[in-house]
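Worksheet: the structure to be examined is printed underneath.
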Number of protein chains: 2
Amino acid sequence: MANGKIQRITPQRRMIQEVLDKPDYHPTAAELYEDLRRRLPRISLGTVYRNLDLLVRNGLINKLDMGSSKSRYDGNTKKHHHIRCVSCHRMDDINALPAGQTEPQIKEIRGYRILDHHFEFVGLCPSCRNRQNAGEEKRL
Amino acid sequence: MANGKIQRITPQRRMIQEVLDKPDYHPTAAELYEDLRRRLPRISLGTVYRNLDLLVRNGLINKLDMGSSKSRYDGNTKKHHHIRCVSCHRMDDINALPAGQTEPQIKEIRGYRILDHHFEFVGLCPSCRNRQNAGEEKRL
DNA sequence: GTATGTGCAAATTATTTGCACGAAG
DNA sequence: CTTCGTGCAAATAATTTGCACATAC
């Protein structure tokens, strides 16, 4: 993986993209690795990380770093936002902003040239709302 | 640090809060540690992490996990948003949303009970705009 | 005086990388 | 065939933790 361009299509690479194409699926590298192993038993975690990094650098997937030490990856490259569960760390897509909200069009703030923006909503997912006040879940 | 409540005020704990009170200051744990060592030469990195975690759990500071493997910490607990430089990872506060933007008031999306939301703007900070197209900086 | 907090060092977790072999083009 | 990619294992980087001593209250 000398430079940053994708040169070859390997089964590993193709499968990573294919699996990440599911909607509302934002796995960590380790979760993705477990998924992939069912179909490519000899794949290694290093290969998963190398390919994720390559796909991110080529703009084919996105890396999400939010509220956890582990990165998550998102195959949906269309503009959208996320909602994350504070309790179980589940993450889902939000394709349209809530009523009355519009995407900011501004190009400069505080001297920065603005390239992009994200919303993140934080809350309790449907499952965690139920067993809510059952104390903190995994607090990773 | 048996449970989650702050029991005692130690010089280390007081100094961490005091240093984090500066505006537009969002250091990583390691950066904060270096800062603190100038005034408390014997402080340890473990103590910094333990106190940051405790302060976060008590709502006295915020932890920011965005676009990097290192967490940053923010002493400003008033509602605000951030802009982050893609190149040098500098991060600044945005206290008011851009013209036309309002804070979402919605309480539920996709079955989640919404507790909070953040905007993050991403762009090039003033310094990096200058030496821009000078290729990628530290890509941490 | 006692429980909580600290410093230190070792442990853990997530991610990255060197190297020899394998496979895409 | 040649270069790029993979598996494996070891290396790094960030964060957490066990333990004996120190200190806030």
Side-chain angles (χ1 to χ4, degrees), chain A residues 1-17 19 26-58 60-73 89 136 138-140, chain B residues 1-17 19 26-58 60-73 89 136 138-140:
Chain A
M1 211 160 297
N3 60 67
K5 287 295 147 217
I6 290 179
Q7 314 266 2
R8 295 178 186 176
I9 298 181
T10 63
Q12 294 86 336
R13 196 161 289 169
R14 187 182 327 109
M15 190 67 71
I16 289 175
Q17 282 213 72
V19 169
H26 313 96
T28 62
E31 287 166 356
L32 184 57
Y33 171 63
E34 284 308 322
D35 259 32
L36 292 163
R37 285 226 286 179
R38 285 185 277 124
R39 298 207 249 169
L40 299 172
R42 301 198 50 79
I43 197 173
S44 77
L45 190 50
T47 293
V48 173
Y49 273 108
R50 272 183 293 227
N51 277 309
L52 287 170
D53 185 51
L54 186 70
L55 292 167
V56 167
R57 292 206 315 279
N58 283 267
L60 298 172
I61 65 173
N62 286 123
K63 186 177 185 179
L64 313 173
D65 293 278
M66 298 165 132
S68 162
S69 55
K70 304 180 216 174
S71 290
R72 293 178 173 275
Y73 296 86
H89 297 97
E136 307 291 20
K138 289 183 301 185
R139 175 44 91 180
L140 171 101
Chain B
M1 213 161 295
N3 61 66
K5 287 293 148 217
I6 289 179
Q7 314 267 1
R8 294 178 187 178
I9 298 180
T10 63
Q12 294 87 337
R13 194 161 290 167
R14 187 181 328 108
M15 191 66 72
I16 289 174
Q17 281 213 71
V19 169
H26 313 97
T28 62
E31 287 165 356
L32 184 56
Y33 171 62
E34 284 309 322
D35 260 33
L36 291 163
R37 284 225 286 178
R38 284 186 277 124
R39 297 208 250 169
L40 298 172
R42 300 199 51 81
I43 197 173
S44 77
L45 190 50
T47 293
V48 173
Y49 274 109
R50 271 184 292 226
N51 277 309
L52 287 170
D53 185 50
L54 186 69
L55 292 167
V56 167
R57 293 205 314 280
N58 283 267
L60 298 172
I61 65 173
N62 285 124
K63 185 176 185 179
L64 313 173
D65 292 279
M66 297 166 134
S68 163
S69 55
K70 305 180 215 175
S71 290
R72 293 178 173 275
Y73 296 85
H89 296 98
E136 307 290 21
K138 290 183 303 183
R139 180 37 98 178
L140 168 98

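Being a predicted model, the structure only gives us computed values, none of them experimental. All heavy atoms count here, side chains included; hydrogens, waters and symmetry mates do not.
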Could you go through the side chain to side chain contact (heavy atoms under 4.5 Å, CB included) check for A/Ile43 and A/Met15 one step at a time?
CA-CA 11 Å; A/Ile43 197 173; A/Met15 190 67 71; over 6 Å; no
Does the side chain to side chain contact (heavy atoms under 4.5 Å, CB included) test come out yes or no for B/Gln12 and B/Leu40, once each step is laid out?
CA-CA 8 Å; B/Gln12 294 87 337; B/Leu40 298 172; 4.3 Å; yes
Verdict with supporting geometry, A/Arg72 and A/His89, side chain to side chain contact (heavy atoms under 4.5 Å, CB included)
CA-CA 11 Å; A/Arg72 293 178 173 275; A/His89 297 97; 4.2 Å; yes
Would you check, one step at a time, whether the test side chain to side chain contact (heavy atoms under 4.5 Å, CB included) holds for B/Ile16 with B/Ile61?
CA-CA 10 Å; B/Ile16 289 174; B/Ile61 65 173; 5.6 Å; no
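Heavy atoms only, all atoms of each residue included: A/Ala30 and A/Leu45 are closest at CA-CD1, 4.4 Å.
Rounding to the nearest 0.5 angstrom, the gap separating the CG atom in A/Leu54 from the OG1 atom in A/Thr47 is 12.0 Å.
Comparing C/dT15, D/dG7, C/dA14 by their closest approach to the side chain of A/Ser44 singles out D/dG7. Taking the side chain of A/Asn51 as heavy atoms from C-beta on, and the options D/dT6, D/dG7, C/dT15, the nearest nucleotide is D/dT6.
Taking atom CE of B/Met15 as the reference point, atom P of C/dT6 lies 13 Å away to the nearest angstrom. Whole-Å rounding puts the A/Leu45 CG to C/dT13 P distance at 14 Å. If you take CD1 of B/Ile16 and C1' of C/dG5, they are 11 Å apart, rounded to a whole angstrom. Distance, B/Leu52 CG to D/dT17 P: 14 Å, rounded to whole Å. Rounded to a whole Å, the CG atom of B/Leu32 is 15 Å from the P atom of D/dA14. Rounded to whole Å, the distance from CG on B/Asp53 to P on D/dT15 is 11 Å. For the pair B/Asn58 CG and C/dT4 C1', the computed distance is 14 Å after rounding to whole Å. Here the P atom of nucleotide C/dA14 and the NZ atom of B/Lys70 are 18 Å apart, to the nearest Å.
OP1 or OP2 of C/dG7 sits under 4.0 Å from a side-chain N or O of B/Thr47. For D/dG7, the OP1/OP2 oxygens have a side-chain nitrogen or oxygen of A/Gln12 closer than 4.0 Å. Between B/Ser71 and D/dA14, a side-chain N or O to OP1/OP2 separation shorter than 4.0 Å is absent. OP1 or OP2 of D/dT6 has at least one side-chain nitrogen or oxygen of A/Arg13 nearer than 4.0 Å. Residue B/Tyr49 has no polar side-chain atom (N or O) positioned under 4.0 Å from OP1 or OP2 of D/dT16.
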Generate the contact string for nucleotides 18-25 of chain C. Rules: B means base contact, S means sugar-phosphate contact only, - means no protein heavy atom under 4.0 Å.
B----BBS
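Map B/Ala30 and A/Leu40 each onto its nearest nucleotide of DNA chain D; the residue landing nearer the 5' end is A/Leu40.
Partners of B/Arg8 under the side-chain contact (heavy atoms from CB on, under 4.5 Å) rule, at least two apart in sequence or in another chain, do not exist in this structure.
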